[in-house]
Amino acid sequence: MPTIREVASRAGVSPTTVSHVINNTRFVSADARQRVLDAMAELNYRPNVLARSLRRGETRTLGLILPDSANPFFAEIARAIEDSAFRNGYNVILGNSENELTKEQVYVDVLVNKQVDGLIFVATGDHSPSLEQLVRDGLPVVVVDRRLTGLDVDTVLTDNLQGGLTATRYLLDLGHRRIACITGPSNLTPSAERVIGYRQALQERSLPVDESLIRKGDFHPHSGYLTVSQLLHSAPRPTAFFICNDMMAIGALRALAEAGLQVSQDCSLVGYDDIELASYVTPPLTTIRQDKNAMADAAVQLLLERIADPGLPARTRILPIRLVERQSTRRIA
Ligand code: RIB
């Protein structure tokens, strides 16, 4: 399926001009209009009717698709996006894909049919066929938190590799050497990049990476509980845990308590996200903070700019992380 950019290139105009010819939303000279129409015919380009109606729509409504609205990280992101959109005169319709591609597809269709002016999207994995088609058809989209491979689309991320590096360097500086890592789903770029950071921190100090200390979680509390319980039966047990999100770290707290271990006296724990709960569990979690308000503001800003000018080149924003030190960690040497 030819793209709007290919039509623009063949006609010698910008993608914005092609969009205005298709939607008749602005004057275009007869010559340029004809060149666009000729290019569309030669390439057999057929604009998606629904995507086209979106561009005419101006419903002042944005779509938001999240993979797990029960996870506080996403609940806080959703609240921040809704707040930022509302301040800019837009409403938000939320769809929860439950980490399922089929349900993600349903919500993409539902939101397109509701003629949202644009879509903010957190993927269930590292690709999304339904979204890829919409982007190619010119729907304004911003991808947040997880990269989508092979798609030229506005994207807002945080520096996940730096997050894993910072957390592990911090634990090494506290004197820990047997540091376990509980990962998130391996098909998600945030988790994969955090684990790369964990490995890099050990390697830069010429310390071995013990693969038995790296266990797969799924970003839910129970996987943190299970994996840490299993690790406590390995000898010698880890003295510290880097856990790739706060929800699994909260599950880990229960496993450590059931094993009779005091956090931070007997072992240290670093989580990831800095959800509001992180500072209210016992002990309050040391964690890597992802600034959810900054992510939301960046996503809404990129989307509104894209709605105003569909021909903009795709942009990527990578926001910084920072370590938030609380009471779940302690120096041991
Ligand atoms: O807690 C949910 C996790 O999934 C977060 O770390 C966020 O980055 C997302 O990828």
Side-chain angles (χ1 to χ4, degrees), residues 64-81 94-101 104 120-128 131 142-149 155-168 181-198 215-225 227-228 241-253 269-281 285-299 316-324:
L64 170 60
I65 295 180
L66 297 173
D68 178 7
S69 53
N71 181 315
F73 172 83
F74 292 117
E76 293 173 31
I77 278 261
R79 179 180 61 186
I81 287 171
L94 168 65
N96 179 18
S97 63
E98 294 282 3
N99 281 304
E100 292 168 16
L101 264 180
E104 180 182 278
I120 297 176
F121 185 83
V122 181
T124 60
D126 54 9
H127 74 286
S128 172
L131 190 88
V142 174
V143 167
V144 174
D145 181 68
R146 293 139 186 212
R147 295 175 193 277
L148 279 182
T149 47
T155 303
V156 175
L157 306 168
T158 63
D159 193 343
N160 289 294
L161 189 148
Q162 185 62 41
L165 200 55
T166 301
T168 310
C181 175
I182 311 300
T183 78
S186 50
N187 68 320
L188 298 181
T189 50
S191 177
E193 291 170 1
R194 292 166 200 170
V195 178
I196 291 170
Y198 162 83
R215 300 296 172 93
K216 282 192 189 320
D218 62 6
F219 277 156
H220 295 290
H222 193 61
S223 65
Y225 171 80
T227 51
V228 167
F241 298 85
F242 167 46
I243 305 188
C244 287
N245 86 333
D246 288 343
M247 292 304 281
M248 293 193 295
I250 290 170
L253 285 174
L269 205 62
V270 175
Y272 208 107
D273 288 344
D274 196 20
I275 58 175
E276 287 175 32
L277 266 179
S279 50
Y280 293 95
V281 293
L285 273 183
T286 296
T287 187
I288 298 293
R289 177 173 177 72
Q290 298 199 83
D291 187 335
K292 294 161 258 334
N293 291 328
M295 294 173 79
D297 289 343
T316 295
R317 299 277 185 276
I318 300 182
L319 305 182
I321 51 82
R322 71 180 170 88
L323 177 73
V324 178

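Below, all heavy atoms of this structure are taken into account, side chains as well, without hydrogens, waters or symmetry copies. Numbering of ligands and ligand atoms starts at 1, following listing order.
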### Query
Side chains of S223 and D218: donor-acceptor distance under 3.5 Å anywhere?
yes

Starting from the N and O atoms of ligand 1, collect every protein N/O partner closer than 3.5 Å and put each pair on its own line with the distance to 0.1 Å.
unit_1   : atom_1 : unit_2 : atom_2 : d
ligand 1 : 1 (O)  : N71    : ND2    : 3.0
ligand 1 : 1 (O)  : N245   : ND2    : 2.9
ligand 1 : 1 (O)  : D273   : OD2    : 2.7
ligand 1 : 4 (O)  : R146   : NH2    : 3.0
ligand 1 : 6 (O)  : R194   : NH1    : 2.8
ligand 1 : 6 (O)  : R194   : NH2    : 3.2
ligand 1 : 6 (O)  : D273   : OD1    : 2.6
ligand 1 : 6 (O)  : D273   : OD2    : 3.4
ligand 1 : 8 (O)  : D145   : OD1    : 2.8
ligand 1 : 8 (O)  : R194   : NH2    : 2.8
ligand 1 : 8 (O)  : Q290   : NE2    : 3.0
ligand 1 : 10 (O) : D145   : OD2    : 2.6
ligand 1 : 10 (O) : R146   : NE     : 3.2
ligand 1 : 10 (O) : R146   : NH2    : 3.3

### Query
Quick one: salt bridge (Lys or Arg N to Asp or Glu O under 4.0 Å) partners of E100, sequence neighbours excluded?
none

### Query
Just checking, is any N or O donor in the side chain of Q162 or T166 under 3.5 Å from an acceptor N or O on the other one?
yes

### Task
Go through the structure and list residues passing salt bridge (Lys or Arg N to Asp or Glu O under 4.0 Å) with R146, not counting sequence neighbours.
none

### Query
What orientation do Y198 and F242 show, parallel under 30°, tilted 30 to 60°, or perpendicular over 60°?
parallel

## Note on the structure
Contacts of D159 meeting salt bridge (Lys or Arg N to Asp or Glu O under 4.0 Å) (sequence neighbours excluded), chain-then-number -> none

